Structure formats: C-alpha cells, structure tokens
Participant: 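If you scroll down you'll find the structure; I have some questions about it.
As the structure is a computational prediction, the values presented were derived from the model and not from experiment.
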Amino acid sequence: QVQLVESGGGLVQAGGSLRLSCAASGGIFSNYDMGWFRQAPGKEREFVSAITWSGAMTWYADSVKGRFTISRDNAKNTAYLQMNSLKPEDTAVYYCAVKAGSSVYFPTVMASYDYWGQGTQVTVSS
C-alpha cells in the first residue's frame, strides 16, 4: 500500500510562488509514474501535470504551461510542483497521485492512477 502526503500549500498573492511536495511511502516510488491534479470549489478535479518514473517525460495542462514545473527526487521518494506567477484561478486543492500498476499510462486521466494523497490547499489572492 502506497501512502502519499502533500505539503507546501498556503495563501499567496497573485504573482507569487509556491512549491508543493508529495512524499511517498510504502512502495517503490522510483517505479511509479506520478501526477498532480487540482480541484476548485464547485468544479471537477482536473489534470495539472505529470512525470514518468524516470523523470524523462513531463506533461502540463495548457493553463499552467510555462508557469509550473514538475520534478521528482527518487532518492527522497518525493515529487515536487513548483508553481510560479500564480493566479487567482489557480486556487484549488492540489492532489498528487501515482500509477503503481502495469496498465497503459494516460497521464492526464485520473483513472490511470492507483493511489492518491489527501490534498493540500492553495489559495491565491488577487
């Protein structure tokens, strides 16, 4: 069983930055593709970014491209989401997730992921 714990959320002014962390335990993190999703109040959860197990490939939602950067440190069993130039519309609960199974990986699809964290709140004030 894999456990994921997000941290790093908070309140920031528009234009500011935050770095989210996702710490994994209970599995072999270096084997897992992983992704970040977010859910704003009254909206469906949406894809933000994803990275393969090796870090060789990354994906971003158009809304965050050029502002957010995903990375991972397999030695620390941790993934990161650096968020710059934050906007009020980035306000949401941010979730990390990992794909531990052997099925085909669709990085933007929630059903591709087997384990999810509890989320961390990001609030961007205007």
Side-chain angles (χ1 to χ4, degrees):
Q1 194 80 352
V2 178
Q3 292 83 42
L4 302 172
V5 178
E6 301 96 337
S7 62
L11 174 63
V12 63
Q13 288 188 331
S17 299
L18 285 173
R19 188 176 82 155
L20 304 184
S21 299
C22 174
S25 61
I28 305 174
F29 182 70
S30 58
N31 288 353
Y32 305 148
D33 302 315
M34 70 86 57
W36 288 95
F37 290 74
R38 67 186 182 186
Q39 188 166 17
K43 295 188 177 181
E44 294 186 351
R45 194 171 298 188
E46 64 176 6
F47 169 76
V48 176
S49 183
I51 187 168
T52 53
W53 63 272
S54 66
M57 295 183 67
T58 58
W59 296 265
Y60 295 94
D62 287 343
S63 59
V64 307
K65 203 169 293 183
R67 300 188 298 121
F68 290 11
T69 303
I70 191 171
S71 62
R72 64 190 298 160
D73 185 339
N74 287 339
K76 295 182 178 180
N77 291 341
T78 302
Y80 305 97
L81 185 67
Q82 178 67 45
M83 306 187 296
N84 298 329
S85 301
L86 283 162
K87 304 175 181 180
E89 51 262 44
D90 294 318
T91 295
V93 177
Y94 284 70
Y95 300 89
C96 65
V98 297
K99 175 185 176 300
S102 58
S103 58
V104 176
Y105 182 44
F106 297 99
T108 67
V109 177
M110 289 178 54
S112 283
Y113 297 90
D114 302 296
Y115 299 98
W116 292 80
Q118 293 300 306
T120 185
Q121 176 70 47
V122 172
T123 303
V124 184
S125 63
S126 57

Participant: Are the side chain of R72 and the backbone of T52 linked by a donor-acceptor contact shorter than 3.5 Å?
Facilitator: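 Indeed, once roles are kept as given, a pair shorter than 3.5 Å links the two residues.
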Participant: Partners of V12 by side chain to side chain contact (heavy atoms under 4.5 Å, CB included), sequence neighbours excluded?
Facilitator: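 V12 satisfies side chain to side chain contact (heavy atoms under 4.5 Å, CB included) with L18, L86, V124 only.
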Participant: For residues L20 and E6, determine if any side-chain heavy atom of one lies less than 4.5 Å from a side-chain heavy atom of the other.
Facilitator: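 No, too far: nothing below the 4.5 Å cut-off.
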Participant: Test of understanding: with ring-ring contact (aromatic ring centres under 6.0 Å, His included), list the residues that count as partners of F37, not counting sequence neighbours.
Facilitator: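 So F37 forms a ring-ring contact (aromatic ring centres under 6.0 Å, His included) with F47, Y113, W116.
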Participant: Taking ring pair (Phe, Tyr, Trp, His ring centres under 6.0 Å) as the cut-off, I'd like each qualifying pair that reaches into residues 59-99, sequence neighbours left out, listed once.
Facilitator: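 Listed once each, the pairs are W59-Y105.
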Participant: Minimum heavy-atom separation for V98 and F29, please, with both atom names.
Facilitator: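 Where V98 meets F29 most closely, the heavy atoms are CG1-CE1, 4.3 Å.
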Participant: For S54, what residues pass the side chain to side chain donor-acceptor pair (under 3.5 Å) criterion, not counting sequence neighbours?
Facilitator: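 Here no residue qualifies.
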Participant: Where do Q121 and L11 land on the side-chain contact (heavy atoms from CB on, under 4.5 Å) test, with the steps shown first?
Facilitator: CA-CA 8 Å; Q121 176 70 47; L11 174 63; over 6 Å; no
Participant: Taking side chain to side chain contact (heavy atoms under 4.5 Å, CB included) as the test, write out the residues that go with Q1, two or more places apart.
Facilitator: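 If we apply the side chain to side chain contact (heavy atoms under 4.5 Å, CB included) test to Q1, skipping adjacent residues, the hits are Q3, Y115.
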Participant: How is the hydrophobic cluster of I28 composed, in terms of its other members, when Ile, Leu, Val, Met, Phe, Trp and Tyr link through side-chain heavy atoms under 4.5 Å apart, directly or indirectly?
Facilitator: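 Its cluster partners, ordered by chain and number, are none at all.
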Participant: For residues 90-109, which residue pairs qualify under salt bridge (charged side-chain N to carboxylate O under 4.0 Å, His left out), counting only residues two or more places apart or in two chains?
Facilitator: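 Pairs touching residues 90-109 that pass the test: R38-D90, R67-D90.
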Participant: R19: what forms a side chain to side chain donor-acceptor pair (under 3.5 Å) with it, not counting sequence neighbours?
Facilitator: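 With neighbours one apart ignored, the set is empty.
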Participant: Which pairs with one or both residues in residues 1-99 pass disulfide (SG to SG under 2.5 Å), sequence neighbours excluded?
Facilitator: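 The answer is C22-C96.
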Participant: Would you compute the distance between atom OG of S103 and atom CG of D114 and round it to the nearest 0.5 angstrom?
Facilitator: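 Answer rounded to 0.5 Å: 6.5 Å.
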Participant: Might you confirm whether atom NZ of K43 has over 12 heavy atoms from other residues, nucleotides or ligands at distances under 6.0 Å?
Facilitator: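 No.
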Participant: Do the side chain of T78 and the main chain of K76 share a donor and acceptor less than 3.5 angstrom apart?
Facilitator: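 Flag set: sc T78 to bb K76 pair under 3.5 Å.
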Participant: Suppose we screen for side chain to side chain donor-acceptor pair (under 3.5 Å). Which residues come up paired with Q118, at least two apart in sequence or across chains?
Facilitator: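 Result, side chain to side chain donor-acceptor pair (under 3.5 Å) vs Q118: none returned.
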Participant: What's in the same ILVMFWY side-chain cluster as V104, cut-off under 4.5 Å, chained through other members?
Facilitator: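 So far as hydrophobic clustering goes, V104 is joined with F106, V109.
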Participant: Once rounded to the nearest 0.5 Å, what's the spacing between atom CE of M110 and atom CD of E44?
Facilitator: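 Result: 9.0 Å between the selected atoms.
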Participant: Out of curiosity, Q13 CD to S126 OG, how far, rounded to the nearest 0.5 Å?
Facilitator: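 Nearest 0.5 Å value for the CD-OG distance: 9.5 Å.
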Participant: Decide side-chain contact (heavy atoms from CB on, under 4.5 Å) for M34 and I70; before the verdict, give the C-alpha distance in whole Å, the side-chain angles of both, and the deciding distance to 0.1 Å.
Facilitator: CA-CA 10 Å; M34 70 86 57; I70 191 171; 3.9 Å; yes
Participant: Look up atom OG in S71 and atom CG in L81, then write down how far apart they are to the nearest 0.5 Å.
Facilitator: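 Answer for the OG-CG pair, S71 versus L81, is 8.5 Å.
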Participant: Applying side chain to side chain donor-acceptor pair (under 3.5 Å), name anything that partners S17, two or more places apart in sequence or on another chain.
Facilitator: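 In terms of side chain to side chain donor-acceptor pair (under 3.5 Å), with neighbours along the sequence ignored, S17 is linked to N84.
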